[in-house]
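Okay, handing you the structure first.
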Amino acid sequence: MSINVKNITKIYGKQKALDNVSFEIKTGEIVGFLGPNGAGKTTMMKIITCFLPPNEGEASVCGFDIYEKELDIKKRIGYLPENNPLYTEMYVKEYLTFIAGIHKLGKNTKARVEKMIELTGLENEQHKKISALSKGYRQRVGLAQSLIHDPEVLILDEPTSGLDPNQVLEIRNLIKAISAKKTIMLSTHIMREVEALCDRVIIINFGKIVADKSIHELQNTVQNKSYSVLVEFDKAIDKKQFMQLPHVKNAIKKEGNAWQIIVESEQDIRSEIFQVAVKNEAIVLSLNKEEHTLEEVFQLLTKK
């Protein structure tokens with residue numbers, strides 16, 4: 001098990017930032033670590049990376065205990081924190097060479113620096129000062145420094161922050177490409193990134209784990225309680241026709257003769273919608289039962 005967290009609690013004064021948190025992440029997994037601001041995500045990442053000790057509980061990375069083997073863990077972890085601290089007066093290539101020196105890469109330094117520059121698309125920026133780079137390119141430098149020592153585990157806190165859509169796609173592809181042999185823990189508020197990258201999602205709220213499932217399992221969990229049906233007819237139908245159906249909470253008019261029917265039940269009402277069409281001598285042009293998006297699931301699970 002690459003990351004093993006058991007009953008971790010962290011207290012700041014009278015506030016519990018983390019409350020008895022436990023989870024495991026296997027080698028090769030990309031796990032989304034999600035939660036609203038202040039939920040405890042960054043605190044948990046700092047504990048895993050040995051930048052912050054917990055008050056209670058146990059954790060290990062690549063089999064090394066966070067209390068006893070801090071240096072062994074740091075050798076095996078690549079960490080991109082949310083604020084991405086960089087030495088802005090250094091040149092890009094100079095900075096990456098400096099980081100390689102910290103990791104004692106020795107004779108492999110030049111090759112690794114060149115590979116990271118190519119991998120993160122910094123070829124045209126390598127001789128510029130970091131202070132002269134856009135936020136997107138600074139993020140690339142941060143990602144390059146987290147990868148330069150070829151770590152077994154990557155902890156990425158908002159890795160696509162400040163990137164344009166093309167750069168986001170490039171970084172996403174990069175993360176996918178390196179994920180086969182690495183364990184990746186990814187924190188972001190961009191749900192599209194989670195859906196595109198992650199095998200599994202851990203959601204934390206008020207310092208407690210409220211969900212730890214695959215995206216499909218999460219959607220199905222909520223889907224069993226409520227769902228929506230998107231239907232389009234060839235003619236106009238009055239909203240009252242839908243509101244009379246069992247378990248329908250609302251009917252929202254869409255473009256043309258389309259409706260979104262919100263259902264609060266496990267019961268499938270598509271046959272009843274067909275009956276509405278028959279009653280009104282209308283033709284059903286399309287009928288789709290919609291899954292909740294990850295964003296909707298997140299909102300439901302992190303309500304105050």
Side-chain angles (χ1 to χ4, degrees), residues 1-6 8 21-35 39-52 59-64 66 72-84 99 103 112 115-116 118-121 136 139-163 167-204 209 211-218 294 298:
M1 206 67 63
S2 284
I3 299 176
N4 193 333
V5 172
K6 187 175 180 181
I8 288 289
V21 172
S22 299
F23 60 85
E24 296 177 347
I25 303 177
K26 299 176 183 177
T27 302
E29 274 193 297
I30 305 179
V31 174
F33 192 54
L34 311 180
K41 302 186 302 297
T42 298
T43 297
M44 188 72 255
M45 290 182 163
K46 286 181 177 179
I47 289 172
I48 291 171
T49 52
C50 300
F51 284 97
L52 189 68
S60 64
V61 179
C62 301
F64 295 99
I66 60 167
D72 290 294
I73 289 174
K74 288 184 176 181
K75 288 177 184 177
R76 290 164 175 81
I77 278 186
Y79 180 36
L80 177 62
E82 183 179 5
N83 59 358
N84 189 15
I99 297 297
H103 288 290
R112 287 298 297 173
K115 184 173 182 179
M116 289 305 101
E118 180 184 356
L119 195 63
T120 55
Q139 200 71 356
R140 291 182 185 220
V141 174
L143 191 57
Q145 68 82 22
S146 72
L147 286 167
I148 200 161
H149 56 300
D150 196 19
E152 297 173 43
V153 176
L154 269 180
I155 307 292
L156 306 176
D157 200 352
E158 301 288 346
T160 57
S161 174
L163 303 185
Q167 292 171 334
V168 167
L169 184 59
E170 290 168 6
I171 297 300
R172 182 192 300 169
N173 291 337
L174 170 59
I175 293 170
K176 280 185 176 180
I178 63 177
S179 66
K181 297 180 181 180
K182 298 186 186 301
T183 301
I184 300 178
M185 187 175 181
L186 169 74
S187 176
T188 180
H189 288 104
I190 305 171
M191 296 301 161
R192 292 189 305 276
E193 289 304 296
V194 179
E195 291 173 327
L197 283 170
C198 298
D199 308 305
R200 187 173 124 227
V201 174
I202 298 172
I203 299 179
I204 188 170
I209 300 292
D212 183 355
K213 298 180 179 181
S214 71
I215 292 173
H216 182 67
E217 286 173 334
L218 274 176
L294 182 60
F298 177 83

Original post:
About how many Å separate CD1 of I47 and CG of L52, when rounded to the nearest 0.5 Å?
Top reply: 5.5 Å
**OP:** Scan for salt bridge (charged side-chain N to carboxylate O under 4.0 Å, His left out) pairs involving residues 181-196, sequence neighbours excluded, and state none if there are none.
**Re:**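 Applying salt bridge (charged side-chain N to carboxylate O under 4.0 Å, His left out) to every pair that reaches into residues 181-196, excluding sequence neighbours, yields D150-K182, R172-E193.
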Subject >> Validation row: L197, I184 side chains within 4.5 angstrom (heavy atoms) >> reply: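 Sidechains of I184 and L197: no contact.
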Original post:
Around K115, counting heavy atoms of other residues, nucleotides and ligands shown, do more than 12 lie under 6.0 Å from its NZ?
Top reply: no
Original post:
Distance from I30 atom CD1 to I25 atom CD1, nearest 0.5 Å?
Top reply: 11.0 Å
**OP:** Would you give the length of the straight line joining atom CG of N4 to atom CD1 of I48, rounded to the nearest 0.5 angstrom?
**Re:** 10.0 Å
**OP:** With sequence neighbours excluded, tell me which residues meet side-chain hydrogen bond (donor to acceptor under 3.5 Å, both in side chains) with D199.
**Re:** none
Subject >> With K75 via side chain to side chain contact (heavy atoms under 4.5 Å, CB included) - residues at least two apart >> reply: none
Subject >> Approximate separation, where rounding is to 0.5 Å, of L154 CG and I175 CD1 >> reply: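 Those atoms lie 8.0 Å apart.
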Original post:
Taking only residues two or more places apart in sequence or in another chain, which ones pass side-chain hydrogen bond (donor to acceptor under 3.5 Å, both in side chains) with T42?
Top reply: D157
Subject >> Non-hydrogen atoms of C198 and G32 that approach each other most closely >> reply: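 Closest heavy-atom pair between C198 and G32: SG-N, 3.4 Å.
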Original post:
Closest approach of L147 and R112, non-hydrogen atoms and distance?
Top reply: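 Residues L147 and R112, closest heavy atoms: O-NH2, 2.9 Å.
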Original post:
Can you name the side-chain hydrogen bond (donor to acceptor under 3.5 Å, both in side chains) partners of T183, sequence neighbours left out?
Top reply: S2
Original post:
Say you draw a straight line from CG of L34 to CG of L294; how long is it, rounded to the nearest 0.5 Å?
Top reply: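 Going from CG on L34 over to CG on L294, the span is 6.5 Å.
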Subject >> Residue list, side chain to side chain contact (heavy atoms under 4.5 Å, CB included) with A59, at least two apart or on another chain >> reply: V5, I8, I66
Original post:
Which atoms form the tightest heavy-atom contact between M116 and T120, and what is the distance?
Top reply: O-OG1, 2.6 Å
Subject >> Any side-chain heavy-atom pair of L143 and L174 under 4.5 Å >> reply: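 A side-chain contact under 4.5 Å exists here.
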**OP:** Mind checking salt bridge (charged side-chain N to carboxylate O under 4.0 Å, His left out) for K46 and listing every partner two or more places apart, or none if nothing turns up?
**Re:** none
**OP:** Please test V168 against I190 for side chain to side chain contact (heavy atoms under 4.5 Å, CB included), starting from the C-alpha separation and ending with a verdict.
**Re:** CA-CA 11 Å; V168 167; I190 305 171; 5.9 Å; no
**OP:** Tell me, please, which residues at least two apart from F298 pass ring pair (Phe, Tyr, Trp, His ring centres under 6.0 Å).
**Re:**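 Not a single residue meets the ring pair (Phe, Tyr, Trp, His ring centres under 6.0 Å) criterion with F298.
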Original post:
Among I77, V61, I73, which one satisfies side chain to side chain contact (heavy atoms under 4.5 Å, CB included) with T49?
Top reply: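 Filter result, single survivor: I77.
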**OP:** Heavy atoms only: give me the nearest V21-M44 pair and the separation to one decimal.
**Re:**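 Heavy atoms only, the tightest pair is CG1-SD, 4.1 Å.
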Original post:
What do the steps show when you test Q139 against L80 for side chain to side chain contact (heavy atoms under 4.5 Å, CB included), and what is the final call?
Top reply: CA-CA 9 Å; Q139 200 71 356; L80 177 62; 3.9 Å; yes
Subject >> side chain to side chain contact (heavy atoms under 4.5 Å, CB included) against K6, all qualifying residues, sequence neighbours excluded >> reply: S22, E58
Original post:
Can you list the residues that meet the ring pair (Phe, Tyr, Trp, His ring centres under 6.0 Å) rule with F23, with sequence neighbours excluded?
Top reply: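 Scan of F23 (ring pair (Phe, Tyr, Trp, His ring centres under 6.0 Å), adjacent residues dropped) gives F33.
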Subject >> Gap between atom CD of E158 and atom CG of L186 - 0.5 Å precision >> reply: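 One finds 8.5 Å between CG of L186 and CD of E158.
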Subject >> Shortest non-hydrogen separation from K41 to S187 and the atoms involved >> reply: CE-OG, 3.4 Å
Subject >> Q145 side chain vs G142 backbone, donor-acceptor pair below 3.5 Å >> reply: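 At least one qualifying donor-acceptor pair exists.
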Subject >> Counterpart residues, side-chain hydrogen bond (donor to acceptor under 3.5 Å, both in side chains), relative to E82 (two or more places apart) >> reply: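 Once residues adjacent in sequence are excluded, E82 has no partner under the side-chain hydrogen bond (donor to acceptor under 3.5 Å, both in side chains) criterion.
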**OP:** Quick one: closest heavy-atom pair of C62 and E152, and the distance?
**Re:**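 Looks like SG-OE1, 3.4 Å.
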Original post:
With H149, which residues qualify under side chain to side chain contact (heavy atoms under 4.5 Å, CB included), at least two apart?
Top reply: H103, L105, P151
